[in-house]
Amino acid sequence: MPGASPPFPQNPKDAIALQLQLREQLQFTPFPPERVRLIAGADISFNKFSPEIYAGIVVLSFPGLQIVEQATTVAKADFPYIPGLLSFREMPALLKVWEQLQFKPDVVVLDGHGYAHPRRMGIAAHFGLATNCPALGCGKSVLVGQHGYLAAEKGSFAYLLHNGEKIGAALRTKTGVKPVYISAGHLITLPDALNIMLLCCTRYRIPEPTRQAHLLVNRLRIESGNHKQPK
DNA sequence: GCGACAG
DNA sequence: ATCTTGTCGC
């Protein structure tokens, strides 16, 4: 019965084994900006010492970047945060949100990395495979790899290299601010991911899909905790 | 063994 | 990721 979703591993050993298996299925085919009509940003939020995680996806028009749809869910995190295994913590909740979407986007932006991962299977790659939707990673810091100098001007970039391989790029999304890190997830190439992300940058460091998703899940978390009024 | 380490 | 006020700079 192909297509049935296998359960998520419950321990690091099994999770790593699954990553090594899944990475063989990744495809990096062109997906230029011209083919994007809807783009989504996905993110989660949580309180430091609480198991509740607030997940959300925002769908935006492209290139207009107007919000078309928003969906959220609250779930329990059943996997700890371990660098390199982020998807096993965040994806179950994000997939529930994904199923709720009325309009499936043409491409999804995940908060974190895709190919720029020690085993080339970051959350953007995993999510893209699970949904069979083009996906890319946009992280705020490096997980693995290094890059050289990049100019201060918006649009400048420098490739992220790891073990002699080009795995992603540091991209200046706004003049004079720290870069973000872009990598392909699945069904997209790094150049296309870079071009699409640059077209999502308005006046902030964080590209609009991710920025809106972040705002959404933070609002959800704050309001969720404020329902029960203290007596 | 030591240091690094997405969110 | 979250906790936090003001503050330096374009």
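Because the structure is a prediction, the values reported are computed rather than measured. Residue numbering restarts at 1 for every chain, and letters A, B, ... go by the order of the sequence lines.
Within the nucleic acid shown, A/Leu94 has no heavy atom closer than 4.0 Å to any nucleic acid atom. Among the heavy atoms of the strands lying under 4.0 Å from A/Gly84 is at least one base atom, whether or not backbone atoms are also near. Here A/Val144 lies out of heavy-atom contact (under 4.0 Å) with every strand. Contact annotation for A/Ile123: base contact, defined as any heavy-atom pair under 4.0 Å involving a base atom. Heavy atoms of A/Gly122 sit under 4.0 angstrom from at least one base atom.
Note that NE2 of A/His214 is 13.5 Å distant from CD of A/Glu208, once rounded to the nearest 0.5 Å.
Annotation: side chain to side chain donor-acceptor pair (under 3.5 Å) contacts of A/Lys154 (sequence neighbours excluded): none.
By the 4.5 Å side-chain criterion applied to Ile, Leu, Val, Met, Phe, Trp and Tyr, A/Val74 is assigned to a cluster that also includes A/Tyr54, A/Leu220.
For the 3.5 Å distance criterion, the side chains of A/Ser45 and A/Asn218 qualify, holding a donor opposite an acceptor.
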For residues 127-139 of chain A, please give each side-chain donor-acceptor pair under 3.5 Å, one per line with the distance, not counting sequence neighbours.
{"residue": "A/Thr131", "atom": "OG1", "partner": "A/Phe127", "partner atom": "O", "Å": "2.8"}
{"residue": "A/Thr131", "atom": "OG1", "partner": "A/Cys133", "partner atom": "N", "Å": "3.3"}

Considering only distance and modelled atom types, tabulate donor-acceptor pairs under 3.5 Å from the side chains of residues 81-89 of chain A, sequence neighbours left out.
{"residue": "A/Ser87", "atom": "OG", "partner": "A/His126", "partner atom": "ND1", "Å": "2.8"}
{"residue": "A/Arg89", "atom": "NH1", "partner": "A/Phe79", "partner atom": "O", "Å": "3.1"}

Result block: side-chain N/O donor-acceptor pairs under 3.5 angstrom for residues 189-202 of chain A, not counting sequence neighbours:
{"residue": "A/Thr189", "atom": "OG1", "partner": "A/Asp192", "partner atom": "N", "Å": "3.3"}
{"residue": "A/Thr189", "atom": "OG1", "partner": "A/Asp192", "partner atom": "OD2", "Å": "3.2"}
{"residue": "A/Asp192", "atom": "OD2", "partner": "A/Phe31", "partner atom": "N", "Å": "2.6"}
{"residue": "A/Asn195", "atom": "ND2", "partner": "A/Pro191", "partner atom": "O", "Å": "3.2"}

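The shortest non-hydrogen separation linking A/Glu69 to A/Gln100 is OE2-O, 4.0 Å. In this structure, A/Ile57 and A/Leu101 approach most closely via the heavy-atom pair CG2-CD1, 3.8 Å.
Applying the salt bridge (charged side-chain N to carboxylate O under 4.0 Å, His left out) rule to pairs touching residues 92-105 of chain A yields nothing, sequence neighbours excluded. Sequence neighbours left out, the pairs with a member in residues 114-126 of chain A that pass salt bridge (charged side-chain N to carboxylate O under 4.0 Å, His left out) are A/Arg120-A/Glu165.
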Practice problem: Apply the test salt bridge (charged side-chain N to carboxylate O under 4.0 Å, His left out) to residues A/Arg172 and A/Glu153: give CA-CA distance (whole Å), side-chain angles for both, the deciding distance (0.1 Å), then the verdict. | Solution: CA-CA 7 Å; A/Arg172 197 82 70 184; A/Glu153 287 67 45; over 6 Å; no
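At a threshold of 4.5 Å between non-hydrogen side-chain atoms, the residues A/Val107 and A/Val36 count as touching. Inter-residue side-chain proximity for A/Ile16 and A/Asp14 is flagged as unmet; no heavy-atom pair is nearer than 4.5 Å.
Stems are defined here as 3 or more consecutive Watson-Crick or G-U wobble pairs with pairing distances under 3.5 Å; none involve DNA chain C.
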Which pairs, protein N/O on one side and nucleotides 7-10 of chain C N/O on the other, fall under 3.5 Å?
none

Between N or O atoms, less than 3.5 Å apart, protein on one side and nucleotides 2-4 of chain C on the other: list the pairs.
{"residue": "C/dT2", "atom": "OP1", "partner": "A/Ser45", "partner atom": "OG", "Å": "2.8"}
{"residue": "C/dT2", "atom": "OP1", "partner": "A/Asn218", "partner atom": "OD1", "Å": "2.8"}

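Ring centers of A/Tyr181 and A/His147: under 6.0 Å apart, within the cut-off.
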Practice problem: For DNA chain B, just give me the dot-bracket, please: Watson-Crick or G-U, both distances below 3.5 Å, ( ) intra-strand, [ ] crossing earlier pairs, | paired with another strand, . unpaired. | Solution: .......
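One interatomic measurement links the two molecules: CZ of A/Arg89 to C1' of C/dA1, which rounds to 8 Å at whole-angstrom precision.
Ring geometry, A/Phe28 versus A/Tyr115: the interplanar angle exceeds 60°, so the pair is classed perpendicular (tilted spans 30 to 60°).
Here the range on DNA chain B touched by chain A, meaning any atom under 4.0 Å from one of its heavy atoms, is B/dC5 to B/dG7.
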